[in-house]
Asks: 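Handing you a structure now.
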Amino acid sequence: MRFRPLALGLAIGLVAMSPFVGPSPAQAALPVQVGGQVLPSLAPMLAKVTPAVVSVQAQSRVRVSPFGSDPVFSQMFPGLTQSRIAESLGSGVIVDAERGLVITNHHVIEGAENVSVQLADGRALKATFVGSDPQTDIAVMRIPTGGLQALPLGDSQALRVGDFVVAVGNPFGIGQTVTSGIVSAVGRTGIPGAGYQNFIQTDAPINPGNSGGALVDLNGRLIGINTATFNPRGSAAGNIGLSFAIPSDLVKSVTRQLLTQGTVQRGSLGVDARDVTAALARQLGVQAGEGVVVTRVFPGSGAQRAGVQVGDVILSANGTRLNGRDALHNFEGLQAVGDDVRLEVLRDGKRLTLSSTLKADAGSLAGADVDPRLAGATLAALPAKLVQQGVVGISVSAVAAGSRAAANGLRAGDLIVATNQGPFDSLSSFRATVNLRNQPLALEVIRGGQRGQLLMR
């Protein structure tokens, strides 16, 4: 099975926020009679929508080896590797005409040195990068103002299965194209290869190059950013009606953070949890796959203050059913620091409702703060691409020369995926796991695609 982002590669490689400003919602309308019959048409609405949807061209510099992806020969003959410009095409949406703000997908402009935007009227404008969030695949750019038209944001939480939607983008770079369909599902998760997920699923055909384009309702309001399509047989099999868009409410939240602080800070309950297996389900009186079992509560966390205990089964969060650790991780990743969370918990056969406030999930951590044997290392959360590939653990972003961590064999770029003291899936849980300083500490590390162990002394 393959989950495919929609950017089209042409070569290998590319203040608190005020409400989005845009024109009044355009209404779907009927044309005059044709041949004595009144025919429905989306043309009046689209006439006001399409000027706000742009084509995005990103240029990035890539290194190309005559040996392809073979790492052995590429390392043996590094002098044969050449640099060249790669181009990729995608789409974008103007959401604030006064400030020239354009939303697109992170994967459309990732690593790009130059990004230009072509408007529906043919004008080509240079775009300035504002910020992006790889985990939700949202990026914000700014273009020169003047003569711009923006789309108003709709309420994606009000969407229902069966609502009509229209997708606008620039597939394959052939020019602006419109397709229509219905909402097939909302709150869709569990899609292979994606980051944090809360997708709108639609059967409106969305093709390569549509990434970052608009999904609008019949009133011309932006209710989603097109991001990917899914086909178990791969891209050659074409579109089979499984297309996904990032809901506008999430786009608005992420964009606000990118504009105010340049990055997205995610909240965390502060627990470690495990899936409910069939054996555990019989002991706990729940169905297998229902909820998550709390195995650790971090000191000072929102969960601890709410009264969450080891052994609790968290069944839902803010009404969202949790059917495993991945569902809990996804829920946390879509919340902001300071958000209030209502937890439905099963404890000793009784259902409880607990209220928690999410705290910041650290983006990096000094090794010395975890254990003296890691002094000199800077630990960080995994890059979005690895998370999307299903890798669980943390990364080593830097190691000071001559430090204890360096002497123990840690290197910048290492991925720590396990320890001899227990599992972990985040910086906070790694810190809680490595808490027996008088006990041996061994790290399972991936380096250059090879897996091995390092004994910390």
Asks: For the CD1 atom of Ile200 and the CD1 atom of Ile246, what is their distance to the nearest 0.5 Å?
Replies: 9.5 Å

Asks: When rounded to the nearest 0.5 angstrom, what is the spacing between CG in Leu250 and CD in Gln157?
Replies: 10.5 Å

Asks: So, for Ala204 and Ser243, which heavy atoms are closest and what is the spacing to 0.1 Å?
Replies: O-OG, 3.4 Å

Asks: Does Asp249 offer a backbone N or O that forms a donor-acceptor pair with the side chain of Ser156 under 3.5 Å?
Replies: yes

Asks: Heavy-atom count around Arg347 CZ within 6.0 Å, excluding the residue itself: above 12?
Replies: yes

Asks: Could you check whether any side-chain heavy atom of Leu315 comes within less than 4.5 Å of a side-chain heavy atom of Glu290, counting everything from C-beta outward?
Replies: yes

Asks: Are the side chain of Thr295 and the backbone N or O of Asp272 linked by a donor-acceptor pair below 3.5 Å?
Replies: yes

Asks: Should Arg256 and Gln261 count as side-chain neighbours, where that means a heavy-atom distance under 4.5 Å?
Replies: no

Asks: Less than 4.5 Å apart, any side-chain heavy atom of Ile206 and any of Phe244?
Replies: no

Asks: Would you check if the side chain of Lys350 reaches a backbone N or O of Val345 as a donor-acceptor pair within less than 3.5 Å?
Replies: no

Asks: Nearest 0.5 angstrom please: Phe129 CZ to Leu258 CG, how far?
Replies: 7.5 Å

Asks: Can you tell me if Thr255 uses its side chain to pair, donor with acceptor, with the backbone of Lys252 under 3.5 Å?
Replies: no

Asks: Considering all heavy atoms of both residues, which atom of Ser356 and which atom of Ala303 are nearest to each other, and what is their separation?
Replies: OG-N, 3.7 Å

Asks: Would you check if Leu259 and Val130 make a side-chain contact, meaning some heavy-atom pair closer than 4.5 Å?
Replies: yes

Asks: For the residue pair Leu222 and Val95, establish whether any side-chain heavy-atom pair is separated by less than 4.5 Å.
Replies: yes

Asks: Between Asn408 (side chain) and Arg404 (backbone), is there a donor-acceptor pair under 3.5 Å?
Replies: yes

Asks: Between Asp371 and Arg373, does a salt bridge (charged side-chain N to carboxylate O under 4.0 Å, His left out) hold up when you go through it step by step?
Replies: CA-CA 5 Å; Asp371 189 286; Arg373 290 167 285 190; 2.8 Å; yes

Asks: Any sub-3.5 Å donor-acceptor pair from Glu110's side-chain atoms to His106's backbone N or O?
Replies: no

Asks: Has Ser116 got a side-chain atom pairing as donor or acceptor with Leu125's backbone, closer than 3.5 angstrom?
Replies: no

Asks: Walk me through whether Val53 and Asn170 qualify under side chain to side chain contact (heavy atoms under 4.5 Å, CB included).
Replies: CA-CA 9 Å; Val53 181; Asn170 187 28; over 6 Å; no

Asks: Would you say Val337 and Leu358 make side-chain contact, with heavy atoms under 4.5 Å?
Replies: no

Asks: Given side chain to side chain contact (heavy atoms under 4.5 Å, CB included), test Val165 with Val216 step by step and report yes or no.
Replies: CA-CA 6 Å; Val165 290; Val216 301; over 6 Å; no

Asks: Which heavy atom of Leu328 sits nearest a heavy atom of Ala273, and at what distance?
Replies: CD2-CB, 4.1 Å

Asks: Could you walk me through whether Asn105 and Ile138 satisfy the side chain to side chain contact (heavy atoms under 4.5 Å, CB included) test, starting with their C-alpha distance in whole Å, then the side-chain angles of each, then the deciding distance to 0.1 Å, before giving a yes or no?
Replies: CA-CA 5 Å; Asn105 286 144; Ile138 296 170; 5.7 Å; no

Asks: Between Thr104 and Met141, what is the shortest heavy-atom contact and its length?
Replies: CG2-CE, 4.0 Å

Asks: Does any non-hydrogen side-chain atom of Leu159 lie less than 4.5 Å from one of Ile223?
Replies: yes

Asks: If we ignore angles and hydrogens, is there a donor and acceptor under 3.5 Å between the side chains of Asp137 and His107?
Replies: yes

Asks: If the test is side-chain contact (heavy atoms from CB on, under 4.5 Å), which one of Asp369, Leu443, Val399 qualifies with Leu374?
Replies: Leu443

Asks: How far apart are the closest heavy atoms of Ile109 and Val56, and which atoms are they?
Replies: CG2-CG1, 4.1 Å

Asks: Quick one: are Leu379 and Ile416 in side-chain contact, heavy atoms under 4.5 Å?
Replies: yes

Asks: From Ser248 OG over to Ile103 CD1, what is the distance, rounded to the nearest 0.5 angstrom?
Replies: 11.5 Å

Asks: Under a 3.5 Å distance rule, please check whether Asp203 uses its side chain to pair with a backbone N or O of Ile182 as donor and acceptor.
Replies: yes

Asks: Kindly compute the distance separating CG (Asp275) from CG (Asn323), expressed to the nearest 0.5 Å.
Replies: 8.5 Å

Asks: Verify the neighbour count for atom CD of Gln287: are there more than 12 heavy atoms of other residues, nucleotides or ligands below 6.0 Å?
Replies: no

Asks: I'd like to know if Arg99 and Asp96 make a salt bridge, using a cut-off of under 4.0 Å between side-chain N and carboxylate O.
Replies: yes

Asks: Suppose we screen for side chain to side chain donor-acceptor pair (under 3.5 Å). Which residues come up paired with Arg321, at least two apart in sequence or across chains?
Replies: none

Asks: Using modelled atom types only, decide if a donor and an acceptor are shared between the side chain of Gln450 and the backbone of Ile446 within a distance under 3.5 Å.
Replies: no

Asks: Ser316 and Glu344: side-chain donor and acceptor closer than 3.5 Å?
Replies: yes

Asks: Would you compute the distance between atom CG of Leu242 and atom OG1 of Thr202 and round it to the nearest 0.5 angstrom?
Replies: 10.0 Å

Asks: Are Glu444 and Asn420 close enough, and set up right, to give a side chain to side chain contact (heavy atoms under 4.5 Å, CB included), and what steps lead you there?
Replies: CA-CA 8 Å; Glu444 188 168 343; Asn420 63 317; over 6 Å; no

Asks: Quick check against the 3.5 Å criterion: does Glu332 have a side-chain atom that pairs as donor or acceptor with the backbone of Leu269?
Replies: yes

Asks: Which pair of heavy atoms, one from Gly90 and one from Val108, lies closest together, and at what distance?
Replies: CA-CG1, 4.0 Å

Asks: Between Thr357 and Asp340, do the side chains contain a donor N or O and an acceptor N or O under 3.5 Å apart?
Replies: yes

